[in-house]
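A short write-up of the structure that comes next.
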Amino acid sequence: MVLLCFDVGNTHTHWGVVDGRVVRAHGELPTAGLDTAALAALLRAHPVAGLALASVVPSVTAVIQPVLLAAGLPFYQLRHDTVRGLGFDYPTPGEVGQDRLADCVGAQLVAGAPAVIVGMGTATTVDILTEKGYAGGIIAPGLGVMTRYLHERTALLPALDPAALLGGPAIGKSTVDAMRAGCALGFAGMIGALLDGVAAELVRQGAPVPQVIVTGGAAVYLPASWRDRVRHEPHLTLLGLAEAHRRHFA
């Protein structure tokens, strides 16, 4: 079944046409400007057999959900109380973002458990998937938050483009290079410390060393030295949404 999936995030809404494990088309729209006309245009441009939604912005969900329901296609919104086949080793599953649940379902699909999923968007999230299901996570600042905060909270430091962070010197010889080094090395170092801590905790609990999957827009800014350490799945959330839809209507 070919599905049109929507992942509504705080900054961007990612959409994708998913056919099994293949994302046939994808794009993103600013969440702040998301309206019914944009959704209607996507529905016209991509005839599909079903629709799936994950959202962490309730006000936007209230606007777009009626449009998706009105399309007359099998519609599914992923929530902790609608997801099948995941399981929870976590006391308050209602607190877990729908995008993070989709990532865990996607990880089940492409890698199995145990796995550690690092989502690199507005926030950096680390979610742990075990044989019992969703087992907890970590929330830390995202790369964009780091670069913007330095500029917005200081009088003299300039704004940085995250895309220009890589490849600079480790010791800055200018203000911009010093900021680039701090953000690029600091971000990678933060991710490394988080992963080391999670892996050590899982091993102490008797689990094998987990596979690490990274997803989200900022994943491309990780240094090349990380390529052998992690598996990059840029469309993990969309794949998880499509799989959750399939399980719901199976």
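In the hydrophobic clustering of this structure, Leu29 does not group with Leu241; members are Ile, Leu, Val, Met, Phe, Trp, Tyr whose side-chain heavy atoms approach within less than 4.5 Å, directly or through other members. Residues Ile117 and Val18 fall within the same hydrophobic cluster, defined by Ile, Leu, Val, Met, Phe, Trp and Tyr side chains chained together at heavy-atom separations under 4.5 Å. Taken together through direct or relayed side-chain contacts under 4.5 Å among Ile, Leu, Val, Met, Phe, Trp and Tyr, Leu236 and Leu86 form part of one hydrophobic cluster. By the rule that hydrophobic residues join a cluster once side-chain heavy atoms approach within less than 4.5 Å of another member, Leu3 and Val23 end up as members of separate clusters. Two different hydrophobic clusters hold Ile128 and Val96 under the rule that ILVMFWY side chains link at heavy-atom gaps under 4.5 Å.
Two residues are said to be in side-chain contact when any heavy atoms from C-beta on lie closer than 4.5 Å; Arg229 and Val212 fail this criterion. With a 4.5 Å cut-off on side-chain heavy atoms, Val198 and Glu201 do not count as touching. For the pair Ile191 and Val118, the minimum side-chain heavy-atom distance is below 4.5 Å. Proximity of His80 to Tyr134: side-chain heavy atoms (C-beta onward) are nowhere separated by under 4.5 Å. Counting only heavy atoms from C-beta outward, the side chains of His14 and His26 never approach each other to under 4.5 Å.
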Mind listing the side-chain donor-acceptor pairs of residues 35-53 below 3.5 Å, one per line with the distance, residues two or more places apart or on another chain?
residue: Asp35; atom: OD1; partner: Ala37; partner atom: N; Å: 3.3
residue: Asp35; atom: OD1; partner: Ala38; partner atom: N; Å: 2.9

For residues 66-77, which side-chain N or O atoms pair as donor and acceptor with protein atoms under 3.5 Å away, sequence neighbours left out?
residue: Tyr76; atom: OH; partner: Thr82; partner atom: O; Å: 3.4
residue: Tyr76; atom: OH; partner: Thr82; partner atom: OG1; Å: 3.3
residue: Gln77; atom: OE1; partner: Gln65; partner atom: NE2; Å: 2.7
residue: Gln77; atom: NE2; partner: Gln98; partner atom: OE1; Å: 3.3

Donor-acceptor pairs are to be reported for all side-chain atoms of residues 108-116 against protein atoms at under 3.5 Å, with residues two or more places apart or in another chain.
residue: Gln108; atom: OE1; partner: Arg247; partner atom: NH1; Å: 3.0
residue: Gln108; atom: OE1; partner: Arg247; partner atom: NH2; Å: 3.1
residue: Gln108; atom: NE2; partner: Gly85; partner atom: O; Å: 3.0

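With a 4.5 Å cut-off between side-chain heavy atoms of Ile, Leu, Val, Met, Phe, Trp and Tyr, the cluster of Val203 takes in Val209.
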Review point. Hey, mind stepping through Asn10 and Val57 against side chain to side chain contact (heavy atoms under 4.5 Å, CB included) and telling me if it holds?
Key: CA-CA 6 Å; Asn10 290 294; Val57 188; 4.1 Å; yes
Review point. Could you walk me through whether Val8 and Thr61 pass the side chain to side chain contact (heavy atoms under 4.5 Å, CB included) check?
Key: CA-CA 8 Å; Val8 180; Thr61 306; 5.6 Å; no
Review point. Given Met1 and Phe249, is the side chain to side chain contact (heavy atoms under 4.5 Å, CB included) satisfied, shown in steps?
Key: CA-CA 11 Å; Met1 178 183 287; Phe249 288 101; 5.9 Å; no
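Scanning both residues, Leu129 and Cys104, for their nearest heavy atoms gives CD2-O, 3.8 Å. Nearest heavy-atom pair across Tyr90 and Ala135 is CD1-C, 4.3 Å. For the residue pair Thr124 and Pro141, the shortest heavy atom distance occurs at OG1-O, 2.9 Å. Here the closest heavy-atom approach between residue Gly20 and residue Leu239 is recorded as O-CD2, 4.2 Å.
Residue Glu233 holds its CD atom at 6.5 Å from CD1 of Ile213, rounded to the nearest 0.5 Å. Between the CZ atom of Arg21 and the CG atom of Leu238 there is a distance of 15.5 Å, given to the nearest 0.5 Å. Separating the CZ atom in Arg246 from the CZ atom in Arg84 is a distance of 11.0 Å, to the nearest 0.5 Å. Atom OG1 of residue Thr237 and atom CG of residue Asp7 lie 5.0 Å apart, to the nearest 0.5 angstrom. Distance check: Glu131 CD to Asp89 CG gives 12.0 Å after rounding to the nearest 0.5 Å. Taken to the nearest 0.5 Å, the CG atom of Leu78 stands 13.0 Å off from the CZ atom of Arg100.
Partners of Pro234 by side chain to side chain contact (heavy atoms under 4.5 Å, CB included), not counting sequence neighbours, listed by chain and number: His232. Not counting sequence neighbours, the partners of Asp177 by the salt bridge (Lys or Arg N to Asp or Glu O under 4.0 Å) test are Arg180.
Judged purely by atom type and a 3.5 angstrom limit, Thr31 uses its side chain to pair as donor or acceptor with the backbone of Thr13.
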